[in-house]
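Labels below follow one simple rule: chain letters A, B, ... track the order of the sequence lines, proteins then strands, and each chain is numbered from 1.
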Amino acid sequence: MGSGLKRTPLFGEHISSGAKMSPFGGWEMPISYEGIIAEYNQCRKSAAVFDTCHMGQFKITGDISNCGIENAVTQSVGTIPVGKSRYGFILNERGGVIDDEIIFRVSESELIMVVNAATFENDFSVLKSRLKPGRIENISSVFGKIDLQGPLSREILSDILGGEVSLKYFGFSFFDFLGEKTIISRTGYTGELGFEIFVRKEKSVEAWRKILSDKRVKPAGLGARDILRLEMGYSLYGNDLDEDTTPVEAGLEMFVCYDKDFVGREALIKEKKEGLKKKKIAFKTKTRRSPRRHYKILRGGNSIGEVTSGSFSPALSCGIGLGFVSPEFEDEKEIVISDGRVGMEAEIMDLPFYRDGSLKN
Amino acid sequence: MEIYFTKEHEWISVKQNVGTVGITEYAVEKLGDITYVDLPEIGTEVKQGETLCEVESVKAASEVYAPVSGKVLEVNARLENSPEIINSSPLADGWIVRMEILNKDELKNLMNREEYEKFISTLS
């Protein structure tokens, strides 16, 4: 394998579809098929399907209250009802984010955690060191994952499964899919109604083709996926979250449960007391120009921070972005985004950028 | 009307002393969806090979170079709000600038369509 990059089981499907491929987190992934904006529109208006087989999954078993999982992550795990999932973070001792993750409560004593593709090897070794021996298993090589997202996704999935799929937001269940008991969750990264389908790797191609046999669905790549998630203000690990950024700085404290002990808890409490080093802002530009990662954020000609994610927003017809500024500038309204050559006037605003999604339908 | 092409994937369609400038299908295929065009001011003078304007796509920003030395007479104002016209019609409705050609001899440095097609077939 010449390139050294990993490939999902759907690689052949993408090549046959004429997808433009590119490296992402050590994987060779489809960036676009028909075109980024066309795929974005497909997801917002109808339904799109994404290859997310590269993401990682871990199985955690045993007594949830004393296997070590509560100490390992920021979200309260024991209070997740069976059949529900919850988003949170794995932190380092400084309160910085090692990864963001979602935990699914499969039963009283079984969890599945879903993590990012580029980070799952490190996540696994960190969690293994925090949990009691034998409690966590890396099942990433067992599972592929396919995300079906868009206002028509529920209808389409119900037609494919031959029965109404009525999951609550962040809920999941086992469904009979292609002759196998398959977890399908009502989760996603686009701001539209959508589902994540946890097929076994060996079934991924069949599942992909089955979903695409419905003419209301088209494949969408990472290019469209990035615009969709950014319009919702969702963080991308590696851009908007990293080991030097805490959930407090990122404005994501609602995913932290202080009522229990967890690695990084003391650091977060300390920084809230002593003052944050930076604070996340969301902004839109007064132009169709796109802010891009690493562009500077200026106020009165001085640099007050940096852009961590930026793009053109088809919904708003202007540039949008996330970035971090010195906390004293958090409540500024008007800023300038600069690439060193051109300055874009921008205004800080509340998330999400896009408010017309079918997410809660 | 004659049409010429540059190695940087611009085209110029010439009628007497006026050239209409745009970018080619090849350029558009590489750039992806164009989201912004920074149109030059009317009256701007550029030399052959200098930056005429900038286009931004979802992926990156890219410069459009003047195929020949010229003075901007007209810009395609529709591109301000609908730059995607360049993607759907790069050689016709997606024209970017009309310029007065200051030195017609410079057209000799450019390729005709056949030469351009041959050129792009050598690229990755």
Side-chain angles (χ1 to χ4, degrees), chain A residues 18-24 30-44 220-231 284-295 307 309-321 337-346, chain B residues 8-9 22-41 44 46 49-66 72 75-97 120-121 123-124:
Chain A
K20 293 195 167 129
M21 308 293 287
S22 225
F24 177 80
I31 301 303
S32 69
Y33 303 80
E34 197 186 339
I36 293 176
I37 303 283
E39 292 158 37
Y40 162 95
N41 283 324
Q42 176 74 22
C43 184
R44 289 259 180 262
L222 296 183
R225 192 170 165 86
D226 193 49
I227 298 182
L228 291 159
R229 69 95 188 168
L230 188 56
E231 281 191 339
K284 65 177 183 185
T285 60
K286 298 179 184 181
T287 165
R288 290 182 64 108
R289 280 188 192 272
S290 304
R292 311 237 184 220
R293 182 160 157 71
H294 299 311
Y295 281 14
V307 177
S309 282
S311 169
F312 176 73
S313 163
L316 272 55
S317 292
C318 64
I320 56 173
I337 308 299
S338 172
D339 66 353
R341 224 182 18 107
V342 176
M344 298 166 232
E345 280 174 26
Chain B
E8 301 295 335
H9 312 291
I23 60 176
T24 65
E25 295 121 325
Y26 180 88
V28 148
E29 159 70 17
K30 289 287 164 194
L31 281 171
D33 296 295
I34 293 174
T35 52
Y36 171 75
V37 182
D38 184 24
L39 295 166
E41 299 279 321
T44 307
V46 278
E50 280 184 348
T51 301
L52 181 55
C53 70
E54 208 181 282
V55 300
E56 255 190 52
S57 70
V58 177
K59 290 185 231 168
S62 191
E63 279 165 339
V64 176
Y65 302 105
V72 177
V75 298
N76 187 349
R78 281 177 75 201
L79 298 180
E80 260 172 48
N81 291 328
S82 302
E84 64 275 7
I85 295 173
I86 298 179
N87 291 96
S88 54
S89 180
L91 266 60
D93 292 341
W95 67 272
I96 304 175
V97 157
I120 57 178
S121 71
L123 302 173
S124 60

Proximity breakdown for [X] and chain B, heavy-atom pairs closer than 4.5 Å:
{"X": "A/S290", "value": "both"}
{"X": "A/I31", "value": "neither"}
{"X": "A/T287", "value": "side chain"}

Measure distances from B/N81 to the heavy atoms of chain A and classify the residue's part below 4.5 Å as side chain, backbone, both or neither.
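For B/N81, the contact with chain A is made by the backbone alone.
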
Need one label for B/E80: side chain, backbone, both or neither, based on atoms under 4.5 Å from any heavy atom in chain A.
backbone

Under a 3.5 Å threshold, yes or no: a donor from one side chain and an acceptor from the other, between B/E56 and B/T35?
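Short answer, no.
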
Between B/N87 (side chain) and B/I34 (backbone), is there a donor-acceptor pair under 3.5 Å?
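Such a contact is found between B/N87 side chain and B/I34 backbone.
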
Testing the basics here: between [X] and [Y], what is the closest heavy-atom pair and its distance to 0.1 Å?
{"X": "B/L52", "Y": "B/A66", "value": "CB-N, 3.9 Å"}
{"X": "A/F312", "Y": "A/P314", "value": "O-CD, 3.4 Å"}
{"X": "B/E54", "Y": "A/R289", "value": "OE2-NH1, 3.2 Å"}

